[in-house]
Amino acid sequence: MVTVSNRAAAGVYADRAGPILVAGLRELGFAADEPLVVPDGEPVVTALREAVAEAYDVVLTTGGTGLNPNDQTPEMTRRVLEVEVPGLAEAVRAYGVDHGVPTAALSRGLAGLAGSTLIVNLPGSSGGARDGMAVLAPVLRHAVEQIRGGDHPAAQGGEGTRGGHDTQGGEGTKDEHGGQDKRDAVSGSQ
């Protein structure tokens, strides 16, 4: 979880969106780190590359997706992505607009893959974070399974995600070899 905010990184105010995303991810059964708060620009690239190197399944960012000249999160994210998943970012924007937030259409957030890590940029507001989780909640586990090479589920009521940090499937935080595994762990940002 990465919160991208020049002011929050400088201590001007507290990160409000990051904790919402962490709570949402934990509710979905992911082991989620506390938000890493960074200023916009190169620190975003560094944080994303570190998360990819650590083999996180999902990295959510919050903040830096608007039209302000200082908002650079999409450009920094694009430098890390190998494959874009535009439907996720489009769905987040559409959800906001459909729920009475016309300015959601101004978000330039991206979503895509870097290695086997899914990265999704979300708006920096607490409302944008809640909207993002509303969109991601029904698809995030399936996306992770697909990235791992899984097939579409045969029936409803699945058993959760194999291995990793799946707290729903009862596997705990061990990989198939009994060691610590970053899979199903989530890093984030604002």
Are [X] and [Y] connected in the hydrophobic side-chain network, where two residues link if heavy atoms are under 4.5 Å apart?
X      : Y     : result
Val4   : Leu81 : yes
Val85  : Tyr95 : yes
Leu140 : Val83 : yes
Val59  : Val45 : yes

To the nearest 0.5 Å, what is the distance between CG (Asp151) and CD (Glu145)? 10.5 Å
Measuring from atom CZ of Phe30 to atom CG of Leu60, what distance do you get when rounded to the nearest 0.5 angstrom? 9.0 Å
Sub-4.5 Å side-chain heavy-atom contact between [X] and [Y]:
X      : Y      : result
Glu84  : Arg78  : yes
Leu122 : Asp131 : no
Val120 : Thr61  : no
Met133 : Leu21  : yes
Ser5   : Pro39  : no
Thr46  : Val38  : no
Leu118 : Val144 : no
Leu48  : Thr117 : no

Can you see which heavy atom on [X] is nearest to which on [Y], and at what distance?
X      : Y     : result
Ser125 : Ala17 : O-CB, 3.7 Å
Asp15  : Ala8  : N-CB, 4.5 Å
Val22  : Pro35 : CG2-CD, 3.7 Å

Residue pair Thr73 / Asn121, side-chain donor-acceptor N/O under 3.5 Å: no
Lys/Arg N to Asp/Glu carboxylate O, Arg49 vs Glu54, below 4.0 Å: no
Is the shortest distance from a Lys or Arg side-chain nitrogen in Glu34 or Arg26 to a carboxylate oxygen in the other one below 4.0 Å? yes
Please answer whether the main-chain N or O of Gln72 pairs with a side-chain N or O of Asp40 as donor and acceptor at a distance below 3.5 Å. yes
Quick one: list whatever passes side chain to side chain contact (heavy atoms under 4.5 Å, CB included) with Ile20, sequence neighbours left out.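 Ile20 satisfies side chain to side chain contact (heavy atoms under 4.5 Å, CB included) with Ser126, Ala129, Arg130 once adjacent residues are dropped.
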Pairs of donor and acceptor atoms involving the side chains of residues 104-116, under 3.5 Å and at least two apart or interchain, shall be tabulated with distances.
{"from": "Ser107", "atom 1": "OG", "to": "Thr65", "atom 2": "OG1", "distance (Å)": "3.4"}
{"from": "Ser107", "atom 1": "OG", "to": "Gly109", "atom 2": "N", "distance (Å)": "3.3"}
{"from": "Arg108", "atom 1": "NE", "to": "Gly66", "atom 2": "O", "distance (Å)": "2.8"}
{"from": "Arg108", "atom 1": "NH1", "to": "Glu75", "atom 2": "OE1", "distance (Å)": "3.4"}
{"from": "Arg108", "atom 1": "NH1", "to": "Glu75", "atom 2": "OE2", "distance (Å)": "2.5"}
{"from": "Arg108", "atom 1": "NH2", "to": "Gly66", "atom 2": "O", "distance (Å)": "3.3"}
{"from": "Arg108", "atom 1": "NH2", "to": "Asp71", "atom 2": "O", "distance (Å)": "2.8"}
{"from": "Arg108", "atom 1": "NH2", "to": "Glu75", "atom 2": "OE1", "distance (Å)": "3.4"}

Show your reasoning for whether side chain to side chain contact (heavy atoms under 4.5 Å, CB included) applies to Arg79 and Glu42. CA-CA 10 Å; Arg79 289 173 46 188; Glu42 290 297 324; 2.6 Å; yes
Arg7: salt bridge (Lys or Arg N to Asp or Glu O under 4.0 Å) partners, not counting sequence neighbours: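 With sequence neighbours excluded, Arg7 shows a salt bridge (Lys or Arg N to Asp or Glu O under 4.0 Å) to no residue whatsoever.
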